[in-house]
Colleague: 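Have a look at this one before I ask anything.
Reminder, nothing fancy here: chain letters follow the sequence lines and each chain counts from 1. Computed from heavy atoms alone, side chains included, the values below leave out hydrogens, waters and symmetry copies.
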Amino acid sequence: MFDLKLIRDNPDFFDSGWKRRGLPPQTAQILAMDETRRTVMTALQELLAKRNEASKQIGVLKGKLKGGTNDEVEALMAEVAGYKDKLAALEEDEKKHSAALNDFLSTLPNIPHETVPDGGGEKDNVEVRRIGQPKGMNNPKDHVDIGAALGGMDFETAAKMSGARFVLLRSGIARLERAIAQFMLDTHTGEHGYTEMSVPLLVRDEALYGTGQLPKFADDLFKTGNGLWMIPTSEVSLTNTVLGDILEADELPLRLTALTPCFRSEAGAAGKDTRGMIRQHQFYKVEMVSITEEDKSMDELDRMVGCAENILKKLDLPFRTVTLCTGDMGFSAQKTFDIEVFLPGQNAYREISSCSNCGDFQARRMMARYKKAGEKATRFVHTLNGSGVAVGRCLIAVLENYQQADGSVVIPDALKPYMGGVEKLEPVGERKSGKVANA
RNA sequence: GGACAGGUGGCCGAGUGGUUGAAGGCGCUAGUCUCGAAAACUAGUAUAGGUGUAAGCCUAUCGAGGGUUCGAAUCCCUCCCUGUCCGCCA
């Protein structure tokens, strides 16, 4: 959401920002709607003031008359009664115009930061660094084949109960997924200063509005029969911990992390990444969220990217980090870095983390503010979120990068403490049911 | 899920439908006093919005949203949240 005063004062700044995202100018319409709204609001307030004045008089007079009445009181009451229709009409008008303006504003994306490169899509993202060398492999298999050989990745069984885009993991691979998640959480809490959180997975409209998924992206979400929504990322739950709050500056930054399942309807992704675990309706993700002061968020973004990269470094997975261009950034973001891990099975770098600074965009929607010691005024916090990292995709990356010629998968050193002595996942022979896997 | 009881400023807590943005207390800030501090005393102490060069003026806000009324913290309805008891349950 945006500061209307700022839009009034700097319409060009906003229009050029939206233009960089490929949108036409918006401020002319915003300002026209705002103008109408304020005109109506002023008229309403003036009439309210008159009514309040008269009603106060009535109170005073009735007090003197001990609750009785006289001509003067009757005249005043008649006067106020005359305002009634006008007042109701103005009130309705004011509501209508405010709602219209709000609805319009709530569908507009954040303004890109000046350091974000221009561009229309993925191809225009700018690589900032590349860490680690892909190991040369002869005919590397992709995670689906590796998983099948290990007897631990089963899409058919998942499909029976849940349909497409679900997976069922067994035995060693199930444990590996858990190991990855534990390792990441331990690293963020133990080395990166994040506080581990266990959060609701079902949230209300307000929470999703706050982080920007609603009202525009309802189609991407799952909704329960009770009107609650399943979180598409724990960014929603972690960021909304400060919904409506006024924090003290010295409590900041808040650095929160959580491991949660994420639920995405993947509407509009038909035909995309249909093979394997890349794009599922449900997946685990370790998320990082930072709540900072307004002048600290860009430094925090670099720090957060570093935390996510550190996970991949410890796992010794080759990756590259890119700055998303204006055309590829998400709705709420002011600036975003994606981390792409190398997948031998695809011979390509694929997104495994996305770290964004949202500036005050979400904070305005959530009314999340902070106060500096000794200052009266409140300011909006800045919010950042980043995957640290996506567990499912990390599992894929480990399987593909640590596969051996014999079909086994070596456990990365960093994960060994979490694997109960298992150092390698071995392929199993053909099984009749396919439902038994090695440990 | 059922039955009660509640939700008032940073906190506690009063509030008969009428000059109540809201008593009183605590806390906080400043001043007086003091060598200094404490105590005491005095004063100040919400947020958002509209309007104005400004001082200011106006509007809204007592969990949220509707309604009744000339006028609502107060009466009515719906919802949310908290507490207690019962039921159910991992």
Colleague: Can you list every pair that meets salt bridge (Lys or Arg N to Asp or Glu O under 4.0 Å) and has a residue in residues 70-94 of chain A, with sequence neighbours left out?
Modeller: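 Residue pairs with at least one partner in residues 70-94 of chain A: Asp93(A)-Lys96(A).
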Colleague: Please measure how far the C1' atom in G66(B) lies from the corresponding atom in U82(B), and state the result in whole Å.
Modeller: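 Their C1' atoms lie roughly 23 Å apart.
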Colleague: Can you check whether Glu287(A)'s main-chain N or O pairs, donor with acceptor, with Thr257(A)'s side chain at less than 3.5 Å?
Modeller: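 At least one qualifying donor-acceptor pair exists.
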Colleague: Rounding to an integer number of angstrom, what distance separates U19(B) and A72(B) when you compare their C1' atoms?
Modeller: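 Approximately 16 Å lies between the C1' atom of U19(B) and that of A72(B).
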Colleague: Is any side-chain heavy atom of Ile339(A) closer than 4.5 Å to a side-chain heavy atom of Ser387(A)?
Modeller: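 The answer is no, as the side chains (C-beta and beyond) never meet within the 4.5 Å cut-off.
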Colleague: Please report, rounded to the nearest Å, how far the P atom of U51(B) is from the CG atom of Leu4(A).
Modeller: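 Answer to the nearest Å: 11 Å.
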Colleague: Give me the residues of residues 203-211 of chain A where at least one heavy atom lies under 4.0 Å from an atom of RNA chain B, by number, or none.
Modeller: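 Those residues are Arg204(A).
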Colleague: For the C1' atoms, the ones on C88(B) and on G24(B), what distance do you get once it is rounded to whole angstrom?
Modeller: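 Result for the C1' pair: 46 Å, nearest Å.
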Colleague: Whole angstrom is fine here: how far is it from CG in Asp34(A) over to C1' in U51(B)?
Modeller: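 So the two atoms are 14 Å apart, to the nearest Å.
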Colleague: Output the pairing pattern of RNA chain B as a dot-bracket string, 5' first, Watson-Crick or G-U wobble with both distances under 3.5 Å, | for cross-strand pairs, [ ] for crossing pairs.
Modeller: ((((((((.[[[..)..(.....]]]((((((.......))))))((((((....)))))).[[[[[..)....]]]]])))))))....
Colleague: State whether a side-chain donor-acceptor pair under 3.5 Å links Lys335(A) with Thr115(A).
Modeller: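 A pair is found: one side chain offers a donor N or O, the other an acceptor, under 3.5 Å apart.
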Colleague: Is a donor from one side chain sitting under 3.5 angstrom from an acceptor on the other, for His382(A) and Ser297(A)?
Modeller: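 Short answer, yes.
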Colleague: Send over the distance from Glu74(A) CD to U69(B) P, rounded to a whole Å.
Modeller: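 Value for this atom pair: 16 Å.
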Colleague: Give me, pair by pair, the N or O atoms of the protein and of nucleotides 57-66 of chain B that are less than 3.5 Å apart, along with how far apart they are.
Modeller:
from: U59(B); atom 1: OP1; to: Asn52(A); atom 2: ND2; distance (Å): 3.2
from: G66(B); atom 1: OP1; to: Lys95(A); atom 2: NZ; distance (Å): 2.9

Colleague: Leu47(A) has an atom CG; how far is it from atom P of C70(B), in whole Å?
Modeller: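 It works out to 15 Å between those atoms.
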Colleague: Nearest-Å distance, CG (Leu76(A)) to P (G71(B))?
Modeller: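 In whole Å, G71(B) P and Leu76(A) CG are 13 Å from each other.
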Colleague: Provide the distance between the two C1' atoms, one in C12(B) and one in G65(B), to the nearest whole Å.
Modeller: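 Going atom to atom, C1' in each nucleotide, I get 28 Å.
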Colleague: Which class fits the ring pair Tyr194(A) and His192(A): parallel under 30°, tilted 30 to 60°, perpendicular over 60°?
Modeller: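 Because their plane-to-plane angle is over 60°, the rings of Tyr194(A) and His192(A) count as perpendicular.
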Colleague: Could you check how far CD of Glu92(A) sits from C1' of G67(B), rounded to whole Å?
Modeller: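 The distance from CD of Glu92(A) to C1' of G67(B) comes to 15 Å, rounded to the nearest Å.
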Colleague: Can you check whether Cys358(A)'s main-chain N or O pairs, donor with acceptor, with Asn110(A)'s side chain at less than 3.5 Å?
Modeller: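 Yes, because the side chain of Asn110(A) sits within donor-acceptor range (under 3.5 Å) of the backbone of Cys358(A).
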Colleague: In this structure, how many angstroms lie between the C1' atom of C81(B) and the CG atom of Leu243(A), rounded?
Modeller: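 My rounded result for the distance is 13 Å.
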Colleague: Within this structure, what is the NZ-to-P distance between Lys372(A) and U29(B), rounded to whole angstrom?
Modeller: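 Atom-to-atom, Lys372(A) to U29(B), this comes out as 20 Å.
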Colleague: Could you pull out the protein-nucleic contacts involving nucleotides 53-56 of chain B (nitrogen or oxygen on both sides, under 3.5 Å)?
Modeller:
none

Colleague: With a cut-off of 3.5 Å and sequence neighbours excluded, list every side-chain donor-acceptor pair involving residues 198-206 of chain A.
Modeller:
from: Asp205(A); atom 1: OD1; to: Trp229(A); atom 2: NE1; distance (Å): 2.9

Colleague: Would you please classify the geometry between the Phe166(A) ring and the His281(A) ring as parallel, tilted or perpendicular, with 30° and 60° separating the classes?
Modeller: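 Answer is tilted, since the angle falls between 30° and 60°.
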Colleague: So which pairs with a foot in residues 245-255 of chain A pass salt bridge (Lys or Arg N to Asp or Glu O under 4.0 Å), sequence neighbours left out?
Modeller: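 Non-adjacent pairs meeting salt bridge (Lys or Arg N to Asp or Glu O under 4.0 Å): Arg255(A)-Glu300(A).
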Colleague: Could you tell me if His113(A) and Asn357(A) have a donor-acceptor pair between their side chains, going purely by distance under 3.5 Å?
Modeller: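 Asn357(A) vs His113(A): no donor-acceptor pair found between side chains.
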Colleague: Tell me whether Arg165(A) is salt-bridged to Glu266(A), with the criterion being a basic N under 4.0 Å from an acidic carboxylate O.
Modeller: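 No, no charged N to carboxylate O under 4.0 Å.
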Colleague: With 3.5 Å as the limit, what N/O pairs link the protein to nucleotides 14-23 of chain B?
Modeller:
from: G18(B); atom 1: N2; to: Ser55(A); atom 2: O; distance (Å): 2.9

Colleague: Indicate every side-chain donor-acceptor pair of residues 7-19 of chain A with a distance under 3.5 Å to a residue at least two apart or in another chain.
Modeller:
from: Arg8(A); atom 1: NE; to: Asp34(A); atom 2: OD2; distance (Å): 2.8
from: Arg8(A); atom 1: NH2; to: Asp34(A); atom 2: OD2; distance (Å): 3.3
from: Asn10(A); atom 1: ND2; to: Leu6(A); atom 2: O; distance (Å): 3.3
from: Asp15(A); atom 1: OD1; to: Gln26(A); atom 2: N; distance (Å): 2.7
from: Asp15(A); atom 1: OD1; to: Thr27(A); atom 2: N; distance (Å): 3.1
from: Asp15(A); atom 1: OD1; to: Thr27(A); atom 2: OG1; distance (Å): 3.4
from: Asp15(A); atom 1: OD2; to: Thr27(A); atom 2: OG1; distance (Å): 2.4
from: Ser16(A); atom 1: OG; to: Asp12(A); atom 2: O; distance (Å): 3.1
from: Ser16(A); atom 1: OG; to: Phe13(A); atom 2: O; distance (Å): 3.1
from: Trp18(A); atom 1: NE1; to: Pro109(A); atom 2: O; distance (Å): 2.8

Colleague: Using the P atoms only, state how far C77(B) lies from U68(B), rounded to an integer number of Å.
Modeller: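 U68(B) and C77(B) have their P atoms separated by 15 Å.
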Colleague: Strictly below 4.0 Å, N to O, side chains only: are Asp413(A) and Lys416(A) in salt-bridge contact?
Modeller: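 Result for this pair is yes, salt bridge flagged.
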Colleague: Could you give the distance separating C62(B) and A23(B) at their P atoms, to the nearest angstrom?
Modeller: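 The answer is 15 Å between these two P atoms.
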Colleague: Just by distance, do the side chain of Arg365(A) and the backbone of Ser106(A) share a donor-acceptor pair under 3.5 Å?
Modeller: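 Side chain of Arg365(A) to backbone of Ser106(A), a donor-acceptor pair under 3.5 Å: yes, one is there.
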Colleague: For Asn385(A) and Ser356(A), test the side chains for any donor-to-acceptor distance below 3.5 angstrom and give the result as yes or no.
Modeller: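 No, Ser356(A) and Asn385(A) have no side-chain donor paired with an acceptor closer than 3.5 Å.
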Colleague: Only pairs under 3.5 Å count here: list side-chain donor-acceptor contacts from residues 142-152 of chain A, not counting sequence neighbours, and write none if there are none.
Modeller:
from: Asp142(A); atom 1: OD1; to: Val144(A); atom 2: N; distance (Å): 3.1
from: Asp142(A); atom 1: OD1; to: Asp145(A); atom 2: N; distance (Å): 3.1
from: Asp142(A); atom 1: OD1; to: Arg275(A); atom 2: NH2; distance (Å): 3.1
from: Asp142(A); atom 1: OD2; to: Arg275(A); atom 2: NE; distance (Å): 2.7
from: Asp142(A); atom 1: OD2; to: Arg275(A); atom 2: NH2; distance (Å): 3.2
from: His143(A); atom 1: ND1; to: Glu400(A); atom 2: OE2; distance (Å): 3.2
from: His143(A); atom 1: NE2; to: Met277(A); atom 2: N; distance (Å): 2.7
from: Asp145(A); atom 1: OD1; to: Arg275(A); atom 2: NH2; distance (Å): 3.1
from: Asp145(A); atom 1: OD2; to: Arg275(A); atom 2: NH2; distance (Å): 3.4

Colleague: Arg364(A) side chain N/O closer than 4.0 Å to the phosphate oxygens (OP1, OP2) of A48(B)?
Modeller: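 The answer is no; no side-chain N or O of Arg364(A) sits under 4.0 Å from OP1 or OP2.
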Colleague: What N/O pairs connect the protein and nucleotides 44-47 of chain B at under 3.5 Å? Give each pair on its own line.
Modeller:
none

Colleague: Just by modelled atom types, is the Val236(A) backbone N or O under 3.5 Å from a matching donor or acceptor in the Thr239(A) side chain?
Modeller: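 Not a single qualifying donor-acceptor pair exists.
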Colleague: Strictly by salt bridge (Lys or Arg N to Asp or Glu O under 4.0 Å), give each pair with a member in residues 105-118 of chain A just once, sequence neighbours left out.
Modeller: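 Those involving residues 105-118 of chain A are Arg20(A)-Asp118(A).
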Colleague: When the aromatic ring centroids of Phe2(A) and Phe361(A) are compared, is their separation below 6.0 Å?
Modeller: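 Yes; Phe361(A) has its ring centre under 6.0 Å from that of Phe2(A).
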Colleague: Can you check the distance between U74(B) and C85(B), where both ends of the measurement are the C1' atom (answer in whole Å)?
Modeller: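 Each nucleotide's C1' atom is 29 Å from the other's.
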Colleague: How far, in whole Å, is G13(B) from G7(B) if one measures between their C1' atoms?
Modeller: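 Nearest-Å result for G7(B) against G13(B) at atom C1': 14 Å.
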